[in-house]
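We name chains A, B, ... by the order of the sequence lines, and we start the count at 1 in each one.
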Protein chains: 2
Amino acid sequence: MDKDRRDQETRLRLLKAAGEIFSKKGFRAATIREICAKAGANVAAVNYHFESKKNLYLAVLNYAHEEALRRYPPELGLPENPSPEDRLTAFVRAMLLRTLGRGKPAWHGRLMARERFEPTGFLDDFIDRAILPRARIIQAIVAELLGPGADDLTIHLCAQSVTGQCRHYVSSRHVIRRISPLISLEEPHLEDLARHIARFSLAGIRAFAAHAEPLQSREPQPEAPTGDFQ
Amino acid sequence: MDKDRRDQETRLRLLKAAGEIFSKKGFRAATIREICAKAGANVAAVNYHFESKKNLYLAVLNYAHEEALRRYPPELGLPENPSPEDRLTAFVRAMLLRTLGRGKPAWHGRLMARERFEPTGFLDDFIDRAILPRARIIQAIVAELLGPGADDLTIHLCAQSVTGQCRHYVSSRHVIRRISPLISLEEPHLEDLARHIARFSLAGIRAFAAHAEPLQSREPQPEAPTGDFQ
DNA sequence: GCCTGTTTGAAACAATTGTTTGAAAACGCT
DNA sequence: AGCGTTTTCAAACAATTGTTTCAAACAGGC
C-alpha cells in the first residue's frame with residue numbers, strides 16, 4: 001500500500017528531525033516550525049501524525065531508545081565466557097559509544113542524557129523501561145566483582161561510580177573540551193577512554209571487595225523526594 | 001543612602017528569585033513574569049535593574065558562583081598539614097555539598113550543572129573564571145597522588161573520573177532516586193557519599209600510580225597506550 | 001471517471017513572552 | 001515644602017509558538 005509507505009515516510013522524517021532538534025535544544029526550546037522545516041513537512045504535520053508536540057517527544061524518546069540499544073547492545077564485542085572484568089569494560093565502552101559515538105543518529109544518547117538531567121515529567125514509566133534495566137546490568141557486574149556478601153548499598157554506590165564517570169563525558173562534554181583538551185571525545189579514541197574508566201573502576205571496586213572491611217553502616221532511608229522538579 | 005539600600009534590595013530579591021527559577025527550569029523556560037512574581041516586583045523590574053533577561057542570567061551566574069565558593073571552599077574542614085588523601089576527600093565533600101546541600105541557596109550548584117550541560121553560549125569566559133580553577137585544584141591533587149612522572153593525560157583522566165562521580169549525583173539525581181533509593185542524597189548522608197567516592201577514587205588513582213605500573217599485568221589490556229589519545 | 005478516505009498546505013487563532021512606555025510614586029536633598 | 005532623580009507600576013506592543021481550520025491534492029478501489 002503506497003498510502004502507508006508514504007505515511008511512514010513523513011512520520012519517520014519527523015521523528016528523525018525532531019530527535020536531532022530535541023536533543024540539541026531540549027523539549028521547550030525546540031519549535032515545531034523548526035522541526036517541520038528540517039523534515040520538509042508542513043507545520044500542521046506534527047499535529048496530524050502525532051497529536052501534539054508532547055506526543056511527538058514521547059515518540060522520539062521511544063524511537064531513540066530502541067535505536068540506541070539496537071546499535072550498541074551492552075554486550076558489544078564480548079569474547080566467549082567473558083570475565084566480569086570483560087563485561088565491565090564492554091559496558092563502559094557501549095555506554096560511551098552510545099552517548100558520544102559519531103554513528104549517524106548520535107543524538108539518541110544525548111537526548112536521554114537531557115531527559116536524565118531534567119525529566120520532562122510525562123514519562124516516569126519510560127525511565128523504568130529504558131534506564132532501569134541497564135542499571136541492573138552494571139549492578140550485577142559490580143556485585144560479581146565485589147564477591148558474595150557485598151551489601152546492596154555498596155553495590156549501588158559502586159555502580160553509580162562507574163556510570164557516573166561515563167555520563168560525565170556526555171553531560172559536561174563542552175566544559176571538558178575546554179578544560180582538558182588533551183582528552184579526545186572523538187570516535188577512534190573512545191576506546192582508550194573506555195579502557196581508562198574500566199581500569200580506574202576495577203581498582204575502585206576492588207577496594208570495596210568483600211575481604212575489605214565495610215566503610216560504615218548507613219540506615220537505608222526509604223524516600224523523602226523533596227526534589228520536586230516541575 | 002536609603003536609595004541605594006532599597007535599590008539593592010529589589011536587585012537582590014530579583015537575583016535570588018531568578019536563581020531559583022533558572023536553576024529549576026533553565027534559561028529559556030524560566031519566564032520574567034514568574035521571576036518577578038516570586039520576587040514581589042513588577043514585570044518591568046528586570047529590564048530596569050538588569051537590561052535584559054540575558055543580563056539577568058549572567059548576573060545570577062556570577063552571584064551563584066561567588067556564593068557557592070564562599071559557602072563551600074574546596075579546603076572545607078581540612079586538618080593541619082593535610083595529606084593528598086585528605087585533600088581529595090575534602091574536595092569531593094565540598095563539591096557534593098555545593099551541588100546537593102540543602103543550605104539555603106542550594107540552586108547555585110544546580111545552576112552551574114545546567115550551564116555545564118548546555119552552555120547558554122554567552123559566557124565562555126565564565127567557564128574559565130569559575131570552573132577551570134577548580135579543575136586545576138583536583139588535577140593538582142591527583143598529580144600528587146599519582147607521584148612524579150605521571151603523564152598529563154592520565155592526570156586529566158583521573159581528575160575527570162573523580163569529578164564525574166560527583167557531578168553524576170547532581171545531573172542524574174532524579175533517576176538515581178528512582179533506581180537506587182538506597183542512596184540518600186540528603187544533607188546528613190552526603191558525608192558518607194563523599195567518603196565512598198573518595199575511597200573508590202583513591203583506589204582508582206593508585207591503579208595508575210607510577211609504582212603500581214607492573215601490577216596490572218592482570219589487566220585485560222596492558223595499556224601502554226594513553227599516548228595515542230589525541 | 002468517480003467516489004471515499006487520507007494526507008498536505010497556507011492561513012489564521014489564541015496564548016505566552018520579552019520588552020517598552022509613560023505616568024505615578026518614592027526618595028534625597030536643599 | 002519643593003524639585004530633580006530614581007524606582008515602581010499597569011498597560012500595551014511586537015514577536016513567537018502550539019494548535020486549529022478548511023480547502024486542495026492525492027491515493028486506491030469500483
| Parallel, tilted or perpendicular: ring planes of A:F27 versus A:F22, cut at 30 and 60 degrees | parallel

| note | Taken to the nearest whole Å, CZ/A:F50 to P/D:dT19 is 13 Å

| message | Check whether B:S201 reaches the backbone of B:A198 with its side chain - one donor and one acceptor, N or O, closer than 3.5 Å. | response | no

| message | So if I define the base as every atom that isn't primed, P, OP1 or OP2, how would nucleotides 10-20 of chain C read as a B/S/- string at a heavy-atom cutoff under 4.0 Å? | response | B-B----BBBB

| Quick check: does any side chain N or O of B:S180 sit under 3.5 Å from a backbone N or O of B:I183, one acting as donor and the other as acceptor? | no

| remark: Closest non-hydrogen atoms of B:R195 and B:D192, given as atom of the first, atom of the second and distance, are NH2-OD1, 2.9 Å

| Roughly, in whole Å, what's the span from OH in A:Y48 to C1' in D:dC22? | 14 Å

| task | Tell me, yes or no, whether the heavy-atom count around B:K53 atom NZ, taken from other residues, nucleotides or ligands under 6.0 Å, exceeds 12. | result | yes

| message | Does a side-chain N or O of A:H49 approach OP1 or OP2 of C:dT8 to a distance below 4.0 Å, or not? | response | yes

